[in-house]
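Notes follow the structure.
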Amino acid sequence: MPGPTLTAAQSAALRHVRGVALRDRPAALAVIAEHLAGSGADLRCDEVGAVITGYGRLTVNFHPDRLLRDGRTVVEALDDEGVYRSQFETGIGNGGLTAFPGGDRDRWEETMFGGAYQRPGVSAAERPKYGGLNLLDHPDGACPRFGSCHLRLRPEVVARTTFTFGDSHLGPTEVGTATVFEPVLAALLVATAGTGVSLGVSGMDTGTLLRTLLSRRERAAERAGRALDDYIEAQVHGELSLARDVEALVVDPSFRDTGTGRRLAGLARRHGFPLRWHCGFQLPVDGVDADFRGPDIPPLAVRVHAEFGRPGEPLHAALVGRAAASLVREPHRWADRGPAELTWQHLKQLWHVLVRFGGPA
């Protein structure tokens with residue numbers, strides 16, 4: 001099925017990123033060549049980027065049970081509309097909520113894409129959709145920080161995708177496209193030299209990483225990548241259609257036998273792709289680390305479990321989702337904790353603790 005016709009703004013954004021990447025490509029090739037020399041990988045440095053983007057899978061992580069402004073859950077909206085929408089359209093997200101003209105997301109997109117999306121007449125629907133490049137095929141996707149479930153996209157989508165090493169809100173300078181990926185790869189190799197970063201490659205030296213990335217064998221990883229703060233971000237330009245662009249839906253096991261889980265299964269059937277289950281994240285309520293995301297998170301975990309869990313039930317994605325829905329529907333219930341925005345941030349951080357420390361379901 002052919003991809004969407006890109007608008008003038010979307011085409012301009014891709015051209016801008018490609019131009020920046022081409023400018024930085026010579027220096028990046030030198031870095032890659034240096035790392036290849038000791039890796040044992042039997043490839044020329046100009047082939048590496050194409051191989052990685054060819055085998056890596058784009059994923060878009062999301063929480064299916066979060067509520068939109070119109071009262072629907074994310075999965076209900078996906079099922080009803082058949083497309084994945086950006087924060088500029090939905091008004092919700094699992095990072096900073098700054099997707100409005102003049103907001104932080106608008107400003108960093110202006111820098112990243114050369115002002116393509118700030119031109120007169122450009123609609124919110126034209127904005128890019130954010131995901132990540134799942135290099136080692138980890139079952140929790142490229143960016144579990146942003147959601148317990150993910151859409152795995154078809155390989156064809158990579159042709160209209162731009163990449164940054166690191167989250168775009170940090171203003172990364174290393175950018176690329178599928179055909180000029182070398183600056184992003186060079187940044188990854190530099191970052192993984194020594195101890196590694198949390199792309200699910202921690203502990204690998206660069207030689208091991210390159211051999212793993214370039215191997216066609218045993219690509220599927222059984223363990224979660226747990227990427228929270230380090231990942232290759234992907235920005236998909238053009239409409240993201242479930243029927244055309246999604247290869248599979250991968251779901252957290254806490255949604256089994258729930259209304260959300262049934263809606264996810266129905267979405268997969270109606271839009272023509274398989275539903276898979278990953279290993280999940282769960283944690284005893286007394287196992288929440290007070291140092292990782294701060295001292296406010298353990299008492300919040302106790303409250304979430306007491307008000308929304310069952311005796312003996314561990315913390316998991318669906319349980320955090322029940323609390324998040326309550327915060328929208330019953331804000332008075334949480335008034336003693338201060339502004340709703342603060343509790344919302346703490347619930348996000350509780351999910352981060354689950355990703356970092358939770359065991360498989």
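None of the values given here were measured: they were computed from a predicted structure.
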[X] side chain to [Y] backbone, donor-acceptor under 3.5 Å:
{"X": "Asn61", "Y": "Asp140", "value": "yes"}
{"X": "Glu313", "Y": "Arg310", "value": "yes"}
{"X": "Thr258", "Y": "Ser254", "value": "no"}
{"X": "Glu34", "Y": "Val31", "value": "no"}
{"X": "His63", "Y": "Arg66", "value": "no"}
{"X": "Arg226", "Y": "Gly358", "value": "yes"}
{"X": "Gln10", "Y": "Thr7", "value": "yes"}
{"X": "His150", "Y": "Ala142", "value": "no"}

Carboxylate-amine/guanidinium contact [X] [Y], below 4.0 Å:
{"X": "Arg244", "Y": "Glu156", "answer": "no"}
{"X": "Arg72", "Y": "Glu81", "answer": "yes"}
{"X": "Asp245", "Y": "Arg160", "answer": "yes"}
{"X": "Arg145", "Y": "Asp229", "answer": "yes"}
{"X": "Glu247", "Y": "Arg154", "answer": "no"}
{"X": "Arg127", "Y": "Asp106", "answer": "yes"}

If you round to the nearest 0.5 Å, how far is [atom2] of [Y] from [atom1] of [X]?
{"X": "Thr164", "Y": "Tyr130", "atom1": "OG1", "atom2": "OH", "result": "8.5 Å"}
{"X": "Leu6", "Y": "Glu239", "atom1": "CG", "atom2": "CD", "result": "11.0 Å"}
{"X": "Leu350", "Y": "Thr343", "atom1": "CG", "atom2": "OG1", "result": "12.0 Å"}
{"X": "Leu36", "Y": "Leu185", "atom1": "CG", "atom2": "CG", "result": "8.0 Å"}
{"X": "Met112", "Y": "Thr162", "atom1": "CE", "atom2": "OG1", "result": "5.5 Å"}

| Over-ring placement of Arg322 relative to Phe308, 6.0 Å and 45° cut-offs |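 Geometry flag: not set, cation outside 6.0 Å or 45°.
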| field | Cation-pi geometry met for Arg356 and Trp351 (6.0 Å, 45°) | value | no
Which heavy atom of [X] sits nearest to which heavy atom of [Y], and what is that distance?
{"X": "Leu315", "Y": "Pro284", "answer": "CD1-O, 4.3 Å"}
{"X": "Gly280", "Y": "Pro253", "answer": "CA-CD, 3.5 Å"}
{"X": "Phe165", "Y": "Pro172", "answer": "O-CB, 3.5 Å"}
{"X": "Ala234", "Y": "Thr161", "answer": "CB-CG2, 3.7 Å"}
{"X": "Leu354", "Y": "Ala317", "answer": "CD1-N, 4.3 Å"}

| query | If you look only at pairs with a residue in residues 275-301, which of them pass as a side chain to side chain donor-acceptor pair (under 3.5 Å), with sequence neighbours excluded? | reply | Arg293-His352
| task | Applying side chain to side chain contact (heavy atoms under 4.5 Å, CB included), run through Leu249 and Leu264 and close with a yes or a no. | result | CA-CA 8 Å; Leu249 169 62; Leu264 287 163; 3.9 Å; yes
| said: Between His346 and Arg337, do the side chains contain a donor N or O and an acceptor N or O under 3.5 Å apart? | reply: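 Indeed, the side chains of Arg337 and His346 share at least one donor-acceptor pair under 3.5 Å.
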| Do Glu89 and Gln87 have a side chain donor and acceptor closer than 3.5 Å? | no
| said: Test side chain to side chain contact (heavy atoms under 4.5 Å, CB included) on Val246 and His271; report intermediate values, then the result. | reply: CA-CA 9 Å; Val246 174; His271 296 282; over 6 Å; no
| request: Determine whether the aromatic ring centres of His237 and Phe113 lie less than 6.0 Å apart. | output: yes
| query | Do Phe163 and Phe181 have their ring centres less than 6.0 Å from each other? | reply |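 Ring centres of Phe181 and Phe163 closer than 6.0 Å.
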| Arg270: partners by side-chain hydrogen bond (donor to acceptor under 3.5 Å, both in side chains), with sequence neighbours left out | Asp79
| Checking side chain to side chain contact (heavy atoms under 4.5 Å, CB included) for the pair Val302/His305: CA distance, chi angles, key distance, verdict? | CA-CA 5 Å; Val302 171; His305 188 270; 6.0 Å; no
| Pairs satisfying ring-ring contact (aromatic ring centres under 6.0 Å, His included), at least one member in residues 284-303, at least two apart |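 Residue pairs passing ring-ring contact (aromatic ring centres under 6.0 Å, His included), neighbours aside: Phe292-Phe357.
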| query | Any side-chain heavy atom of Val75 sitting closer than 4.5 Å to one from Leu267? | reply | yes
